[in-house]
Student: 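Below is a structure I'd like to ask you about.
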Amino acid sequence: MSETVSITIDGRTVAVPAGQLLIKAAEDAGTYIPRFCWHSRMKPVGMCRMCLIEVEGPRGTLLTTSCTMPVTEGMVVHTKSEVVRKAQEGVLEFLLINHPLDCPVCDRGGECPLQDQTLAHGPGESRFVEEKRHFPKPIPINDLVLLDRERCILCARCTRFSEEISGDPLIEFVDRGNHTQVNTFPDEPFASYFSGNTVQICPVGALTATPYRFRARPWDLEAVESTCAGCAVGCRVSVQAAQNEVVRLLGVDVGATNQGWLCDKGRFGFEYLRAPGRLSTPLVRGEDGELREATWGEALDRAASGLAAVLSEHGPAAIAGIGGARSTNEEAYAFGKLLRSVIGTGSLDARVGDGLDAALAVGGTGRIDDLERAKTILVWAPDLKEELPVLHLRVRRAATELGATLIVVHPRRTGLDPDADHVVHYRPGDGFSVLDRLRAGADDLAPVAAALAAGPVVAIVGRTGLTEPPDLASAVAEFAASLPGAAVLPVTRRGNLYGALDMGLAPTLLPGRASAEDEAARAALADAWGSPVPAPGRDADGILQGLADGSVKALVLLGADPAADHPDRASAEAAVAAAGFVVSFDLFLNDSNRGADVVLPVEGFSEVEGTMTNLEGRVQKVNRIVPGPGLSRPAVEALDDLAARLGRSLGGGADAMAKEIALAAPAYAGITWEALDWGRGRDGMIATLAGGAAAPAPAVFQRSVAPAEGMALHLARVLYDEGTMTLAGPAFAPLIKAAMLHLHSDDATRLGLAEGSTAVLTGSRGSTELAWTRDDSLAPGTAYLPFGLGVSVGAAVSVTVAPGDGSGER
Amino acid sequence: MSWDSDTRARAEEIIVRYPQRRSAVMPLLYLAMAADGKLTDEGMREVAEHTGMTPAQVYSVASFYSMYKRELGEHLVSVCRSVSCHLLGGDDVLAAVVDETGIRPGQTGAITVEAVECVGACGGAPAVQVDYELVEGVSPAQARALCRWLLDERPGFVIGDDLQARFGGQRSFDWGPAEPVGALGPVPAFEPYGTTGGGA
């Protein structure tokens, strides 16, 4: 797009990129042409006629829609002539024929493009005296979005979004003429993970979201730009609050990450902040063994004395910390400093047995934006639609709009399969042999191998499921790095896992991606901290093991729930229960801290200021707009107070931590709050490895294999699981589906499972009876169970399935 | 109430005539109507499955075109009310049909009655179609007789030439050789739909 042409808009000659649409070129040049149907991230349709302008041509001056007209050299355009004014008035008079003008009771009133443009360009009065058309007032098109067809002006933004962008065209125009309306198929709701975007792009009040409906008026809202913490994509959002409560999130159009879109979980997930179970007071375990409310002073004293007792009796190695992957970088850094410097333990981890190898996670070489230029895309990762939904949209755009060849490798069908050029489904455990055959370009994989030879290649690599050991992802990443023009994006879901690892929340990593095994790096950090830095201790699995066998006595949790999140829930739960002393910093009581000795209520998303690092290493600012409930405090302050009681302060609050990170973590040098707020606020700043510092090399791969007999278990997350964010937010309650066992038809027949019956799934940690369904995208011999829906049989790959008799059905 | 193997085979036969599966949506909607006697949600789901579209997309197409009907009687009587037929008494023909059957345009009883725009028979106005089989030069009295016959005799199929001979008047031109087959029900007679009937 380096070529430019010069055009004249209202007498002003400007240079604009050749081939660009006139409406966009004019907007960039400072002339806003009114529009309803045109959206910069979707294809033009020229339906609403609002963007009519005059273009001079050989046959005279013509009224034309600027959203469908590419600019050409010497084009002369009039956007404010009398003819244009009359056309705009006519179009608006027409669009308002059926519009109810119920602005005073409409959510959109005050920020409505139809309202605003009618004021600016409308005729002021209408000649239509006929009865307007009537529909029943809003109908739900799914559990989150309501449609008021009387307000709709039929611009097709929502229907085009569902087809072009999200790829689930479940809303369409139905009927015709004066009866034309947007609707779903009868009894088939707009079941999309992205439906909230249609509410945001609706240029009238036809689509409204249940969580925000009637909650506030736009002019009463306070807004701050921030970063969504729901997953590791790091979508930019505008957080909007009324009366000290967050009431909605809007996507901000940042080219590098979300391009304006959000998933519904991110958009509507804020409700958990004010959910009934939210902690507002410190809790300590009383004489009677029950948690009771306490003051901060009492709770911190208890936490400090409990930890000090373990320290003096068993030494620092008996204390470990898990968490930080949902916290800000500043909180994660303070947590790491408390554990390593004040307590002196090297056992700390932000992953909960479900992450990637730390070296892989921090060793990514790609950017999300590389997808825009990719020739070939390899996705050997979790189902992006379920775990990193907006990254799914970016990959989908690259495959459907930009012509990239898409290869998906996964144990079962993923959201990207319909748009993929090559799909490889394999049995969990067979990943290494698939990789070997791909490397060799063997037989059936020859076309895939050939496609991978065409670069630049973007490889999105992660654990396809929780039974898959992280070694496979590391091996795939190593292979992908050898592909032409390769950019590797290592992916896992949890919000700020990448930031937490960058802050040193892994036994092998120090802040700034330095190796904890490197004596010199430890010495340098010890200098900065003024205290010794311990050698690497245990990772999350090792910590849980240690708790179970008694070698670890005390556990500090920062926004972590290993008992629910660890792939092997039963053993994680037993391990946490066996801990002698547990301190938890959290927003809620959960499976891991219900038995804790001290629970400290901390502030969460939109309540604290700080930074987060997304899966590509992009550091972005998160901002505060509301206070936390009750006595909850920022985690950094609580950690600092605990540190002070253990003998040494961490050195201040979040702003002080931010300054310290820039010094202690080489990759974060120069990334300051000021720079993010004022200079690079929208796009964030990429934390790059400053020369010298190096992540530890990948371990020798442990080649997992599929079980020779029985079934191989595929255990993977779904978007709406029974996590804190979804369970606590009322919006999601109807969207959480009961866990179902998925089996290939051949296996169902072989095992003698009758249609509509139940199956008994037996794994390493017990057995459960549940409903089953056919899923022929699985390789025969595979059982798929969604993770995080309350059913757990352990995380071993080998399981057995037998017909159930209904006795143990959940 | 999903499609039987015969209907599925017919669907595939239709689909292969098009460069893309989804291009077959309109003929498949007729096939769905032929299979169920009217357009049902289930039929639209089947069309969606066969064309790779979502049910909402199929519904969008089906609800745009007036010939895809959610309610249908045994036969469909379409009375033309465009210019030529209007000038030559089409409105009286329609009134006669409504009076004889007691069914208003757009409504369904034992049969379905509708007023339609031009059926391409201006030379033989006023014109009526029964199950898309054409009858020209129809007088109000002939229209009454036609409706009576449909309601009383309940013919299994109708053939245009036969209707013309019994109930028609002035024809636009000689239609050429007699058609051997007619329509089995209120869907256009077309072999791939399995809606042709009455052949020797």
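Just so we're on the same page: letters track the sequence lines, and every chain starts at 1. Computation of the quantities below employed the complete heavy-atom set of this structure, encompassing side-chain atoms and omitting hydrogens, waters and symmetry-equivalent molecules.
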Student: Answer yes or no: is there a donor N or O on one side and an acceptor on the other, between the side chain of B:S63 and the main chain of A:V174, under 3.5 Å?
Tutor: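 Checked: no pair found.
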Student: How many angstroms lie between OG1 in B:T54 and CG in A:D168, if you round to the nearest 0.5 Å?
Tutor: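 Separation between the atoms: 9.0 Å.
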Student: Going from CD on A:E188 to OH on B:Y59, what distance comes out if it is rounded to the nearest 0.5 angstrom?
Tutor: 12.5 Å
Student: So with a 6.0 Å cut-off around CD of B:E12, is the heavy-atom count from everything else above 12?
Tutor: yes
Student: If you take all heavy atoms of A:P169 and B:A56, which pair is closest and at what distance?
Tutor: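 Here A:P169 and B:A56 meet closest at O-CB, 3.9 Å.
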Student: Are the side chains of B:R45 and A:F185 in touch, meaning some heavy atoms are under 4.5 Å apart?
Tutor: yes
Student: Could you tell me whether A:F94 atom CZ has more than 12 heavy atoms of other residues or ligands within 6.0 Å of it?
Tutor: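 No, CZ of A:F94 has 12 or fewer neighbouring heavy atoms, counting only those of other groups under 6.0 Å.
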Student: Taking CZ in A:R176 as the centre, count heavy atoms belonging to other residues, nucleotides or ligands within less than 6.0 Å. Is the count above 12?
Tutor: yes
Student: Please check this pair: side chain of B:S60 against backbone of A:F173, looking for a donor-acceptor N/O pair closer than 3.5 Å.
Tutor: yes
